[in-house]
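Worksheet: one structure, shown below.
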Amino acid sequence: MNESNNKTHLNFIEEIIEEDIRSNKHGGRIHTRFPPEPNGYLHIGHAKSICLNFGLAEKYNGKANLRFDDTNPVTEEVEYIESIKEDIRWLGFDWEDREFFASDYFPQFYQFAIQLIKAGKAFVDHSTQEEISKMRGIPTAPGTESPFRNRSISENLALFEEMKNGKLKEGECVLRAKINMSSPNMHLRDPIIYRILFTPHHRTGTEWCIYPMYDFAHGQSDSIEGITHSVCTLEFENHRPLYEWFIQELEIFPSRQIEFARLNVEYMMMSKRKLLLLVNEKIVSGWDDPRMPTISGMRRRGYPPEALRKFATEVGVAKRENLIEYVRLENAVREQLNNVAIRAMAVLRPLKVIISNYPEGVEWLPVENNPEDPNAGIREIPFGKEIYIEQEDFMEIPPPKYFRLSPGGMARLKAAYIIRCDEVVKNEDGSILHLLCSYFPESKSGSDKSGLKVKTTIHWIECQHALKAEIRLYEKLFEVKEPAGSDEDFRTLLHPNSLEVIEGAWIEPSLANAEIHQSYQFMRTGYFCLDKDSTKDHLIFNRTATLKETWLKT
RNA sequence: UGACCCAUGGUGUAACGGUAGCACUACAGAUUUUGGUUCUGUUUGUUAAGGUUCGAAUCCUUAUGGGUCAACCA
C-alpha cells in the first residue's frame, strides 16, 4: 500500500546527510571513512561502524576510505593492519584504492603545528606530565595557565624544531594548543597536540620522534581526505569543539563530526584492552577464538558475513546507550544459515541401536540437502542394522510430552524407517549398553504405507560408515549480561564452561569433504562449521549456534 | 557539585504539532519426516511535574535517571 512510506525511516545520520544533499553542501558529495587504530583485532562493534560508514557511502553514491589511525607507535603493529583489512574484506566491503594511513600525513601535521605556532595558538611546554595534569584542573573547577604559555613565537618555533630533530628527551616537553584553561570542556584546556616518542613507527621507522595526539591527527586526516561526514562514537562528543577549533584555526576543509552510540551486546566485552588480556593470559586460544566478539572469532565460529551485516543494520543507529539482546545476533546468524547451510546428520553423544529384524548389509537412502532450497539437491546416506542415535533421544521413563523413543515407543529415523524400541540392554552397572529395536519395512521414507503415526523424527548415523569427529561446543564467554559494566575483575565473570569438547561424536561420511569455515546444519542439533585446526584424519567442527529449542524451555 | 549528550513495550528503533508503528523476544495456535523453518494471533510503551496549543512522544521550563570528560591512548 504505502511501501514508499516505510522506506523513509531514516536514522539521524541519514537525515543529516539528506539535508546536506538538499542544501548542496560540498556539492552534494558524500565521503566517509573507517578509521581503526591498528592496536588490536576488530570486533562486532567495529563491524557496525564499518557497515555504517561503507553503507552510507554506498547508499548516497559516495566513497568510504579505510584509514589507519596509526599515531601511537608503542601499541601498534603490522599484524593488526593485516587482520583489519582481512576482516573488512570478509565482511564484504571494498575501499578500492583508498587505503590511507595517518602516518602518511606526518609532514602535513608538522606544518599544521608550525602554522598554529606562528599564529600564536600553540606553545612548547616544559612542564612535567604531573604538573600539566595538575594545572589542567578538574571538570568542576578551572585550571591554571602554564608558566611556559607566553613564550615568544620564535622561541616556540625553535623549540618545536628541536623536538622534531631529536634534540630533546622523551617527556621533556610537549606542544600544546593555546585555547582556554578555564573552559568547562576539559579538552579545550590547552590540549597537548605533539609529544616526543623515540619508539620506531611500524611505517615511518625512525623518521619521526614527535607524534601528533589523536585530536591533532584525526580531524586533520579527515580534512586532508575531504571527508564530509566523520562518524564516530559518543565518547568523542566532548572532542567536537576541539575538532572544530582546529578546522577554524587551520582554515582547512570543514569535515563534520557526528557521534552515535556504540554497539553493546549482552554477555560481550568489547574493550580492546581487555580482549588483549584474554589473549595474552591464554584464557582464549587467540584473537580468533570462536568465543571472542572479534570478527575473526565470529568467522571461525561460523557466523556468515551476511548475518553480521544484517545484524548491524537491524540494530539501528541512534545516540541512546543500548544493550542489544544476545539472541538478536544469534537469530541473524540462524536466519542466514537456515537458508544456505547443507543439512547433515551427526550424533554427538551416541547410543547404539541394533535393529533386530533388519538384514545384514547397507542400503543407501536419498535425503535432501536443504529443505529450504530445492536447488541444493539430494545425497545418499547409508543405513544398516547397527546405528547410533543421540542419547537424549531415548528415555527409559519419559516425562509427559516427550516425543522421542522410549521402551515400546516408536519414532521415525530421518529419511529412513519407523522403529520401535523392543528392549533396553544394560551393562552390569545398570547403564544402557544398547537398544534392541525393530523396524517397519513398509514405513520407508517417501513411500510410507505402514499407516503408523509417530510424534517425531530423530537423526541417526549408520555405524560401519560413520566418521569420528571432535565437536567443540561453545557457550557465551561471559556469564553476566554486562561484563563491561561490572566492578568485579572480569576474569571472575567468565562462563566456566564456555567450551566443551566432545571427542567421540559420529558424523555421516559425506562430511569427509567439508571445507574450513563451510557451514552445515547438523539436523536437530545446530549449525556447525569445520575448524581450521581440522585435518583429514581428525575432523573438528565448531558449533556456530544451536537451533531454537523452544521445547527445552520451561 | 561544571560542561556536553541521552530518555518511547522485555530489547532495539520509528512517528519531524494531528490514529504511538515496525523488528526481535515472550506467549498461544496452525503446518511440518528437523520439538528447526514457515504461517496466524495475543500481551506489554511515550521517566515525572508544570507550561504553550483546538491538539504534545514531539515545542518550552524544571525535576529525576543514565552516559561522557580530569592519558604525553585512540
Side-chain angles (χ1 to χ4, degrees), chain A residues 5-6 8-11 15 35-37 39 69-72 74-76 102 125 127-129 132-134 136-143 170-176 183-189 191-197 210-211 213-215 217-218 232-241 259 261 266 272-273 314-328 331-332 334-335 338-339 343 345 367-368 371-372 401-404 411-416 418 443 445-446 448 454-459 521-527 546-553:
Chain A
N5 273 350
N6 300 336
T8 61
H9 287 332
L10 303 177
N11 65 50
E15 280 183 7
E37 184 192 11
N39 67 345
D69 224 337
D70 56 348
T71 56
N72 182 7
V74 320
T75 57
E76 295 157 6
D125 194 338
S127 306
T128 66
Q129 198 161 329
I132 289 177
S133 170
K134 201 158 197 173
R136 189 158 22 225
I138 54 171
T140 52
E170 205 169 291
E172 187 175 338
C173 60
V174 292
L175 185 69
R176 291 228 256 168
S183 168
N185 183 334
M186 299 295 286
H187 299 284
L188 260 19
R189 319 246 262 226
I192 293 167
I193 57 179
Y194 258 102
R195 79 282 211 192
I196 300 170
L197 238 39
I210 54 170
Y211 292 93
M213 299 290 290
Y214 167 83
D215 288 304
H218 194 99
C232 63
T233 46
L234 245 31
E235 65 267 32
F236 294 101
E237 220 158 21
N238 292 343
H239 292 243
R240 189 169 3 107
E259 312 86 11
E266 286 177 350
K272 269 199 208 173
R273 194 180 63 79
E314 270 179 357
V315 297
V317 179
K319 299 190 74 158
R320 170 174 21 158
E321 295 288 334
N322 60 74
L323 182 62
I324 308 295
E325 289 166 323
Y326 185 85
V327 293
R328 294 197 64 155
N331 263 330
R334 288 191 185 111
E335 192 180 329
N338 179 50
N339 294 328
R343 270 55 170 178
M345 290 202 270
V367 57
E368 67 269 82
E372 303 295 317
K401 286 202 173 173
Y402 184 80
F403 293 176
R404 290 108 105 167
R412 172 173 288 284
L413 298 174
K414 173 68 188 177
I418 291 173
S443 68
S445 203
D448 187 348
V454 291
K455 276 181 288 196
T456 195
T457 299
I458 61 175
H459 61 281
Q521 186 198 94
F522 290 174
M523 296 195 80
R524 303 206 310 130
T525 71
Y527 295 100
T546 60
L547 258 27
K548 270 199 205 164
E549 290 168 330
T550 46
W551 176 73
L552 287 179
K553 293 174 191 166

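Owing to the predicted nature of the structure, the values given are computational and were not obtained by experimental measurement. Quick note on labels: first sequence line is chain A, next is B, and so on, each numbered from 1. Heavy-atom basis, side chains included; hydrogens, waters and symmetry copies ignored.
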Side-chain heavy-atom pair A:Y214, A:D69 within 4.5 angstrom cut-off:
yes
From the set B:rC73, B:rC24, B:rA14, return the single nucleotide nearest to any side-chain atom of A:N11.
B:rA14
Between B:rG35 and A:R524, is there an OP1 or OP2 to side-chain N/O distance shorter than 4.0 Å?
yes
Selection from B:rA3, B:rG36, B:rC72 that lies nearest to any side-chain heavy atom of A:N238:
B:rA3
B:rU11 and B:rA26: how far apart are their C1' atoms, nearest whole angstrom?
11 Å
Could you state the atom-to-atom distance from CD of A:E372 to P of B:rU31 in whole Å?
18 Å
Quickly work out the A:I138 CD1 to B:rU68 C1' distance and round it to whole Å.
17 Å
Which listed nucleotide (B:rA74, B:rA71, B:rU37) is nearest to the side chain of A:N338?
B:rU37
Rounded to whole Å, please give me the gap between CG in A:N39 and C1' in B:rA74.
7 Å
B:rC59 to B:rC22 separation - C1' atoms, rounded to the nearest Å:
26 Å
Ignoring hydrogens, what is the shortest heavy-atom contact between A:N39 and A:K272? Give both atom names and the distance.
OD1-NZ, 2.6 Å
Report the distance from atom OH of A:Y211 to atom P of B:rA74, rounded to the nearest whole Å.
12 Å
Tell me whether the side-chain N/O atoms of A:R195 come closer than 4.0 Å to OP1 or OP2 in B:rC73.
yes
A:N238 side, atom CG; A:M186 side, atom CE - distance, nearest 0.5 Å:
10.5 Å
Select one nucleotide: of B:rG2, B:rG12, B:rU25, the one nearest the side-chain heavy atoms of A:L323.
B:rG12
Looking only at side-chain atoms of A:R136, point me to the closest of B:rU11, B:rG67, B:rA70.
B:rA70
In whole angstrom, give the distance that lies between atom CD of A:E321 and atom P of B:rU13.
10 Å
Can you check the A:N322 CG to B:rA14 P distance for me, whole Å?
11 Å
Give A:E266 one of three labels, base, sugar-phosphate or nothing, depending on what nucleic acid heavy atoms sit under 4.0 Å from its own.
nothing
Checking contacts here: which listed nucleotide (B:rC5, B:rG2, B:rA74) is nearest the side-chain heavy atoms of A:P184?
B:rG2
Between B:rA74, B:rU33, B:rC72, which nucleotide has the shortest distance from any of its atoms to the side chain of A:R412?
B:rU33
Less than 4.0 angstrom between a side-chain N/O of A:K548 and OP1 or OP2 of B:rU25, yes or no?
yes
So, does A:S133 get its side chain near the phosphate of B:rA71, meaning an N or O under 4.0 Å from OP1 or OP2?
yes
Given B:rU13, B:rU34, B:rU25, which nucleotide is nearest the side-chain atoms of A:P371?
B:rU34
Report yes if a donor N or O on one partner sits less than 3.5 Å from an acceptor N or O on the other, where the partners are the side chain of A:R404 and the base of B:rG35; otherwise report no.
yes
Could you tell me whether the phosphate oxygens of B:rA74, OP1 or OP2, come under 4.0 Å of any side-chain nitrogen or oxygen in A:T71?
yes
A:E325 side chain, from C-beta outward: closest of B:rG12, B:rU34, B:rU11:
B:rU11
Side chains of A:N185 and A:S183, donor plus acceptor under 3.5 Å
no
Round to a whole Å and report the spacing from CD of A:E335 to C1' of B:rU25.
14 Å
Nearest of B:rA14, B:rU25, B:rG35 to any side-chain atom of A:Y402?
B:rG35
Let me know the distance between CG of A:N339 and P of B:rG36, rounded to the nearest Å.
17 Å
